[in-house]
Amino acid sequence: MVEPVDLDPIGATEPPHVNVSNSPGLEVYDPATGYVYVLDWDGDRVSVLSGTALVGTVDVGPAPFNGAYDGANGYVYVTDFDTRNVSVIDGTSLVGSVGVGALPLSATYDSADGYVYVTNGPSDNVSVLSGTTVVQSVNVGAYPFASTYDSGNGWVYVTNWDAGTVTVIGGTTVVGTVDVGVEPYSAAYDGGNGYVYVMNRYSGTVSVIDGLTVLATLTVGAAGESSGFNTTFIDSALYDGENGYVYAVDSAFGSDNVTVIDGTTVVGTVALASTPFVPGYSTATGTVYVPESGSENVSVIGGIDYLGSLNVGLDPVDALFDSQDGDIYVTNYNSNNVSVIVPENSIRIAETGLPKATSWSVTLGGARRSTTGTAIAFTVPNGSYGYSIGDVPGWHQTTIPYQGTFTVTGASVTEVTLAFERVTYPVSFTVPGLPTDTKWTATLNGTPQSSTGSGLTFEEPNGTYGYSVADPSGAPPMVDSGSVTVNGAPVSVPVTFTPVSFTETGLPIKGKRWSVTLDGYPEATPGTARTSTVTSVSFAVLNGTYPYLIVGPAGFEVATPAPPEGNLTTNGSALSEAVTFVRGPTYSLTFHEVGLAAGSKWCVAVGSPLCSTKSTVVFKNLTPGSYSYAVGAIPGATTLVKEGPAWSAEALGASLVSRSTTVQVRFAYPVTFQETGLVAPFTWSVSAEGETGTSAANSTTVVLDLTNGTQGFSVHAEPGYLRSPASGRLVVDGRPASVSVTFKPRGVSGAAAGLDPDVEARASVADIAVSRLH
């Protein structure tokens with residue numbers, strides 16, 4: 001929040017007033033003529049203003065309430081609240097009166113089809129006007145109150161006060177109904193994102209609608225009683241086309257604030273003095289003017305900041321911007337006049353490029369103003385004024401010098417747009433000593449770059465960023481990571497890769513193939529495996545500790561290092577490991593699976609992975625020792641491994657190889673047995689495929705992991721209960737399944753229990769239906 005500033009021009013007094021009739025309320029602007037139409041609630045007339053002059057008055061029906069300008073025919077349509085009429089005005093003359101429904105409330109112009117839509121509260125309908133003719137009456141929800149036009153899809157959105165809905169009309173047809181909050185009052189269209197914002201008065205929320213879908217419901221102010229103007233007021237949602245913000249005005253007693261919305265996010269709340277009413281947006285100054293009835297002021301907001309206030313008349317209720325001359329018209333309900341805020345010589349500085357809600361500032365003639373919006377304006381007499389543009393950390397503009405002079409003569413308007421660009425600094429990673437054309441990758445702030453040279457460079461603004469560097473072998477676990485801070489200067493991050501070589505002796509000159517896996521054992525995700533028929537296998541890695549596994553050819557075993565697996569540590573110096581092979585026994589490690597459908601692919605990693613569509617995966621030429629393994633996951637299945645008498649749900653394990661060894665792998669799918677009828681306390685169990693599952697105390701479910709195919713099962717009796725089914729068969733086909741089991745007290749007769757006396761015996765030979773779990 002910035003400090004309030006005096007927004008009146010230097011030497012200016014209170015803005016001039018134009019006397020109108022009784023109780024001026026809302027206003028309508030005609031951009032073709034520049035006329036402002038002031039609806040005099042108690043005067044039953046419309047006052048027509050041009051600048052600070054009253055150019056005419058038009059008598060209309062009782063209690064003119066709301067209006068709309070028709071850009072096709074140039075007419076202004078005014079809803080006469082206490083009648084069933086809409087008055088139609090051309091310039092300063094009454095064209096005619098059009099009969100509509102009861103208590104016409106709001107009018108909205110649709111530029112696509114040229115219609116004007118009038119909401120008729122108690123009639124629960126909308127009158128569609130063309131010229132001075134009603135072309136259609138469209139039924140909507142209970143008590144339609146306000147409406148807005150969406151130029152993106154050509155629809156009109158009507159808030160139904162008593163229904164808590166919004167009716168969406170295309171032309172003369174209802175295209176949909178959207179549920180919103182309690183007592184939806186006003187609505188605004190955001191031309192930047194195409195959303196419609198609906199103010200829910202009693203809920204104290206805003207519904208954000210895209211088409212026919214509510215994207216978000218945002219809390220904006222205090223929910224309150226539905227009677228009296230003590231919650232969000234009519235027409236109190238305003239779109240700022242420059243910032244892209246929507247301003248939701250909450251006039252609830254004790255709340256008195258404006259909520260600033262960007263898309264579906266609340267980005268700020270501006271507290272005001274008393275009872276804010278209908279706001280207006282000035283494209284000349286890039287600011288929002290909010291009348292405050294209780295304080296006799298108009299407050300000014302730039303972006304999400306309160307900038308100050310201007311004194312006007314009694315009970316200001318509506319602010320309207322005149323795009324031809326830049327004036328702001330404020331109706332003073334209890335002064336019976338309109339305050340015209342007339343800009344003198346204007347110096348307006350706008351910005352592009354900065355993220356939304358970024359604060360920036362300009363100092364002119366010693367007066368500093370800052371904003372999170374997109375424009376700052378000063379009103380000054382003729383003369384020359386020194387200026388300075390405030391520094392925005394991490395950003396820079398070259399449109400104009402940061403200090404200089406503006407000169408204003410006559411009524412000229414000086415406008416400058418500052419184009420800000422991000423200030424970045426190089427962040428360099430260097431990897432000296434790599435072999436030529438060795439590829440490596442660095443990732444900074446989530447963005448990767450690769451190089452085959454000794455360095456690479458990122459461009460980043462000030463800040464702290466995480467980084468990682470992957471070793472040239474491409475193994476994901478082999479990374480260096482940390483953070484780097486950019487603070488107004490280039491940064492260099494040195495990274496050292498260490499060469500690691502394994503050199504063998506003992507194999508024939510025309511040798512057999514042997515391999516080394518580094519950083520892949522005993523990890524579940526295999527690392528990099530290198531194989532060779534020559535005497536050396538090489539890697540380049542970052543400093544750290546890495547597990548390795550050496551595998552020889554058939555007929556040879558690793559004599560050194562012993563065992564042929566372990567860990568090595570690098571610290572920047574080249575590392576060489578000697579490997580000695582001797583003739584000796586080797587064995588195979590076989591993994592045999594059951595449970596998958598024929599032809600299904602499955603994988604096992606012992607150092608490096610092997611995959612198969614058959615029932616076995618075999619690792620050959622292993623010397624005696626303990627080997628860690630990882631069984632690849634199958635979607636939806638549980639991996640069960642059996643080494644010894646029992647199955648265990650483990651995808652990772654180790655197997656001792658002192659002879660050819662087979663590890664049993666079973667892929668199973670969860671089958672849930674669901675009981676009804678048992679009375680606490682109880683436990684119960686189910687057996688299938690040689691496994692028994694027992695429920696937790698008083699639990700109605702038992703889950704067994706079963707393999708594909710037809711499986712028999714049996715339900716173990718709970719003392720004092722009959723069970724149905726007692727046993728049966730089910731089909732598992734690669735998906736989870738469920739079986740229902742019913743228990744009945746044994747003392748209940750057959751008809752009452754729903755069971756025959758021998759139901760258990762007959763159920764044991766029956767097939768049952770199995771429901772799929774999706």
Side-chain angles (χ1 to χ4, degrees), residues 439 441 470-479 500 502 512-533 537-541 544-554 557-558 563-568 579 586-643 647-657 660-668 734:
K439 184 178 180 179
T441 300
D471 80 289
S473 63
M478 294 187 190
V479 294
V500 176
F502 293 80
K512 305 289 187 178
R513 182 171 296 277
W514 62 289
S515 68
V516 178
T517 300
L518 188 65
D519 198 36
Y521 176 78
E523 302 292 336
T525 301
T528 297
R530 298 283 174 86
T531 64
S532 179
T533 57
V537 172
S538 298
F539 300 86
V541 297
T545 298
Y546 302 98
Y548 65 84
L549 171 67
I550 304 169
V551 177
E557 62 181 0
V558 179
E565 58 177 303
N567 294 296
L568 58 84
V579 179
T586 59
Y587 303 101
S588 61
L589 179 57
T590 301
F591 293 82
H592 179 78
E593 75 81 19
V594 295
L596 291 180
S600 298
K601 183 179 179 180
W602 63 294
C603 302
V604 182
V606 176
S608 58
L610 289 178
C611 297
S612 177
T613 56
K614 298 180 181 179
S615 61
T616 58
V617 170
V618 183
F619 294 85
K620 300 179 180 179
N621 303 322
L622 301 179
T623 57
S626 179
Y627 292 85
S628 296
Y629 61 81
V631 180
I634 299 296
T638 301
T639 302
L640 304 172
V641 177
K642 185 178 183 181
E643 278 199 279
W647 294 92
S648 61
E650 295 289 344
L652 305 177
S655 182
L656 180 64
V657 176
S660 292
T661 303
T662 298
V663 177
Q664 300 288 339
V665 179
R666 182 159 67 95
F667 293 103

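Note that these values count all heavy atoms, side chains included, but never hydrogens, waters or copies made by symmetry.
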### From OG1 (Thr517) to CD1 (Ile550), nearest 0.5 Å
10.0 Å
### Task
Report yes if the side chains of Gln664 and Trp647 come closer than 4.5 Å at any heavy-atom pair, otherwise no.
yes
### Message
Could you measure the distance from the OG atom of Ser655 to the OH atom of Tyr627? Nearest 0.5 Å is fine.
### Response
10.5 Å
#### Entry: Heavy-atom side-chain contact between Val665 and Leu640 under 4.5 Å
no
### Task
Mind checking the CD-OG spacing from Glu565 to Ser628? Nearest 0.5 Å is all I need.
6.5 Å
### Query
After noting the C-alpha distance and the side-chain angles of Tyr629 and Phe619, does the key distance pass the ring pair (Phe, Tyr, Trp, His ring centres under 6.0 Å) rule?
CA-CA 11 Å; Tyr629 61 81; Phe619 294 85; 9.4 Å; no
#### Entry: Residues Val663, Val641; criterion side chain to side chain contact (heavy atoms under 4.5 Å, CB included); working and verdict
CA-CA 7 Å; Val663 177; Val641 177; 3.7 Å; yes
### Query
Is there side-chain contact between Leu568 and Val500, with heavy atoms separated by less than 4.5 Å?
yes
### Query
Would you say the side chain of Phe591 lies within less than 4.5 Å of the side chain of Leu610, judging by non-hydrogen atoms?
no
### Query
Distance from His592 atom NE2 to Ser615 atom OG, nearest 0.5 Å?
4.5 Å
#### Entry: Distance-minimising heavy-atom pair for Pro547 and Asn567
CA-OD1, 3.3 Å
### Query
What's the verdict on side chain to side chain contact (heavy atoms under 4.5 Å, CB included) for Thr639 and Ile634, showing C-alpha distance, side-chain angles and the deciding distance?
CA-CA 8 Å; Thr639 302; Ile634 299 296; 5.8 Å; no
### Nearest atoms (heavy-atom pairs only) where Leu656 meets Thr661
O-OG1, 3.8 Å
#### Entry: Check: Lys614 main-chain N/O paired with Ser612 side-chain donor or acceptor under 3.5 Å
yes
### Message
Minimum heavy-atom separation for Lys601 and Cys611, please, with both atom names.
### Response
CE-CB, 3.6 Å
### Pairwise side-chain contact, Thr590 with Val617, heavy-atom cut-off 4.5 Å (strictly under)
no
### Task
Fit a plane to each ring of Phe667 and Trp602, take the angle between them on a 0 to 90° scale, and name the class: parallel (under 30°), tilted (30 to 60°) or perpendicular (over 60°).
perpendicular
### Query
NZ of Lys642 to CZ of Arg666: how many Å apart, nearest 0.5 Å?
9.0 Å
